[in-house]
Enquirer: 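Quick one: structure below, then a few questions.
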Amino acid sequence: MEISITKTTAPKALPEDETKLGFGKIFTDHMFVMEWDRGAGWHDAKIVPFRNLSIHPSSTVLHYGSEIFEGLKAYRTADGSIQLFRPEENFKRMNRSAERMGLPQFDGEAALKALCELVKLDAKWVPHGSGTSLYIRPFMIGDDEHLGVHSVSHARFYIILSPSGAYYASGLAPVKIMIESHDVRAVRGGTGEAKCGGNYAASVRAGERAEEKGFAQVLWLDGVEQRYIEEVGAMNIMFKIAGKIVTPALTGSILPGITRKSILELLRAEGTEVEERRISVEELAEALEKGTLEEAWGCGTAAVVSPVGLLAYNGKEYVVGGGKIGATTQMLYDRITGIQTGVLEDKMGWVKKVL
Ligand SMILES: *Cc1c(COP(=O)(O)O)cnc(C)c1O
């Protein structure tokens, strides 16, 4: 795949204060674009100055939610180089999402090459501060210019970059979580496994209600029986119950997180037993009552690991692990971020150097 590069003639000023970056609010000078047509396949791969899109008002994405995305980060190491964490996994997952959502397959290796080119070109935008990173957002939209409902004949693929601040401005902190017993995020056979915008649209209402009550996120139950633990907000969830680490098995409605996968692989490589299975809300409530729920944490690219300090269910509030960060939670956070930022040796071969 040939990528044509058009550099900006009006580079933007770099953010002055890295502590005020926040998340996803400012964007770099360039973006990657390619187009797809049924028949011709992917073509016109290019890096161009960051700009608004022009879209036909009847475009499929605007009416039928034909959209998938990914999220990963570029990290600045102590010696100033730039590296990615398991980026090939993101493009593999994106192709699985595309398959589910009636969008075209693409060459993951070519996309990764394009991503590296883009990050190199905008390398000065990768922030330096502890916990900061360059957030990378690949996404694909279906873009037929008519209102008929079909799998699309035109699609566009983009990668945009956003320098982002530390997720934990003042250190790793436990959050309060509410178990959601009304709305569901996904059902088996639905789109829960795909990283698509529609899943997010359907989940904001519950998240907002939880926030109004003082909770950071909701813990989703399965969409069939509303009984089994699935995810927390837009993160996977793990528990330490009576000394054993357990996480919901990927049953079809759970997003297969790369952070989740990495934690499981890391623990298993060291001989720690980890269970992937269904966990009912009754089992969790019992463990909370008996005090055997030692730790709970969410995991995902944004937060890496997010300790849960309190769980609310059926009008009751349970403190988890004394409301403090558990030893396993802290260890996993340190290990994963250590590998990502080059502080720890990458024995698993997960890191890809960009520059
Ligand atoms: C992206 C995402 C995750 C976490 O996946 P990572 O690859 O670890 O970032 C978990 N749940 C949902 C719903 C997601 O969209």
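Every number for a ligand or one of its atoms is a count from 1 in the order of the listing.
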Enquirer: So, using salt bridge (Lys or Arg N to Asp or Glu O under 4.0 Å) as the criterion, who are the partners of R268 when residues are at least two apart?
Expert: E276
Enquirer: Under 3.5 Å, which donor-acceptor pairs do the side chains of residues 302-317 form with other protein atoms, sequence neighbours left out?
Expert:
residue, atom, partner, partner atom, Å
K316, NZ, E289, OE2, 3.1

Enquirer: Sequence neighbours excluded, which residues qualify as salt bridge (Lys or Arg N to Asp or Glu O under 4.0 Å) partners of E18?
Expert: none
Enquirer: Knowing that exactly one of D144, D143, D37 qualifies, which makes a side chain to side chain donor-acceptor pair (under 3.5 Å) with H154?
Expert: D37
Enquirer: Quick one: are K12 and F50 in side-chain contact, heavy atoms under 4.5 Å?
Expert: yes
Enquirer: List below, pair by pair, the N or O atoms of ligand 1 and of the protein that are less than 3.5 Å apart, including the distance to 0.1 Å; reply 'none' if no pair qualifies.
Expert:
residue, atom, partner, partner atom, Å
ligand 1, 7 (O), R93, NH1, 2.8
ligand 1, 7 (O), R93, NH2, 3.1
ligand 1, 7 (O), I258, N, 2.8
ligand 1, 8 (O), I258, N, 3.2
ligand 1, 8 (O), T259, N, 2.9
ligand 1, 8 (O), T259, OG1, 2.7
ligand 1, 9 (O), T301, N, 2.9
ligand 1, 9 (O), T301, OG1, 2.6
ligand 1, 11 (N), E231, OE1, 2.5
ligand 1, 11 (N), A234, O, 3.3
ligand 1, 15 (O), K195, NZ, 2.7
ligand 1, 15 (O), Y200, OH, 2.6

Enquirer: I need the L355 CG to I82 CD1 distance, nearest 0.5 Å.
Expert: 5.0 Å
